[in-house]
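First up is the structure itself, then whatever we jot down about it.
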Amino acid sequence: MEPVTDEYMKDMLGRSRPYTVVLLKAADKRREPGADKLVWEHGRRNFSLRAGGQLAIVCPIVDGSGWAGIGIFTGTPDEVTRIMEEDPGVQAGIFTYEVHQGRGFPGDALPG
């Protein structure tokens, strides 16, 4: 591990900014016939939100735990709640979600 000084940490913490984290969970309706079509449209919407800069990171969870994904949004919790309430998977009862305030560092990205 690289050594990290107190000065570096203070500098980086000063650069952090607020983000909104969504934890998406599969509901019982996820296993119903026809759910896959709505999940596909949920994914299409995520691509659109990414392209528009509203969804910085989307991370589907595929471990069978019942969690469906994590999203890091650039908007406020209220804005993100409105976005999630319009999601076709949420509207159909396929997904439930939690919204949490968080902080992150601009420019962070998943490794390629």
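As the structure is a prediction and not an experimental result, all values here were calculated from the model.
A distance of 9.5 Å separates NZ in Lys25 from CD1 in Ile61, rounded to the nearest 0.5 Å. Atom-to-atom distance recorded for His100:NE2 and Leu23:CG is 4.5 Å, nearest 0.5 angstrom. Interatomic distance, Leu110 CG to Cys59 SG, rounded to the nearest 0.5 Å: 6.5 Å. Rounded to the nearest 0.5 Å, atoms CG (Leu49) and CZ (Arg44) are 13.0 Å apart. Put simply, CE on Met12 and CD on Glu7 are 14.5 Å apart, with the number rounded to the nearest 0.5 Å. Once rounded to the nearest 0.5 Å, the distance linking CD of Gln91 with CD of Glu86 reads 7.5 Å.
Each of Ile83 and Val21 belongs to its own hydrophobic cluster when Ile, Leu, Val, Met, Phe, Trp and Tyr are linked at side-chain heavy-atom distances under 4.5 angstrom. Neither Tyr19 nor Leu55 shares a network with the other; the hydrophobic side chains, linked directly or stepwise wherever heavy atoms of I, L, V, M, F, W or Y lie under 4.5 Å apart, form separate groups for each. When the side chains of ILVMFWY residues are joined at heavy-atom separations under 4.5 Å, either directly or via intervening members, Val90 and Val99 end up in a single hydrophobic cluster. In this structure, Phe95 is a member of the same hydrophobic cluster as Val58, with clusters built from ILVMFWY side-chain heavy atoms closer than 4.5 Å. Follow the hydrophobic side-chain contacts under 4.5 Å out from Leu24 and you never reach Val62; the two are in separate clusters.
Residues Phe73 and Ile57 fail the side-chain proximity criterion, which asks for heavy atoms closer than 4.5 Å. With contacts defined as side-chain heavy-atom distances shorter than 4.5 Å, the pair Arg17/Pro106 qualifies. Looking only at side-chain heavy atoms (C-beta outward), Val4 and Met9 come within less than 4.5 Å of each other. With contacts defined as side-chain heavy-atom distances shorter than 4.5 Å, the pair Val22/Ile70 does not qualify.
Surrounding CH2 of Trp40 are at most 12 heavy atoms belonging to other residues, nucleotides or ligands under 6.0 Å away. In the displayed structure, Phe105 atom CZ is contacted under 6.0 Å by more than 12 heavy atoms of other residues, nucleotides or ligands.
In summary, Asp11 and Arg15 engage in a salt bridge, as defined by a charged side-chain N under 4.0 Å from a carboxylate O. A salt bridge links Arg30 with Asp36; the closest basic N to acidic carboxylate O contact falls under 4.0 Å.
Looking at every heavy atom in both residues, Leu38 comes nearest to Ala92 through CD1-CB, 3.5 Å. The two residues His42 and Asp87 make their nearest non-hydrogen contact at ND1-OD2, 2.7 Å.
Under the 3.5 Å distance criterion, the side-chain polar atoms of Thr96 are left unmatched by any main-chain donor or acceptor of Ala27. A side-chain donor-acceptor contact under 3.5 Å links Thr74 to the backbone of Gly53. A donor-acceptor pair under 3.5 Å links the side-chain atoms of Arg103 to the main chain of Ser16, judged by distance alone.
Judged purely by distance below 3.5 Å, without hydrogens or angles, the side chains of Asp78 and Thr76 never pair a donor atom with an acceptor atom. For the residue pair Glu85 / Tyr97, a side-chain donor-acceptor distance below 3.5 Å is found, with atom types taken as modelled.
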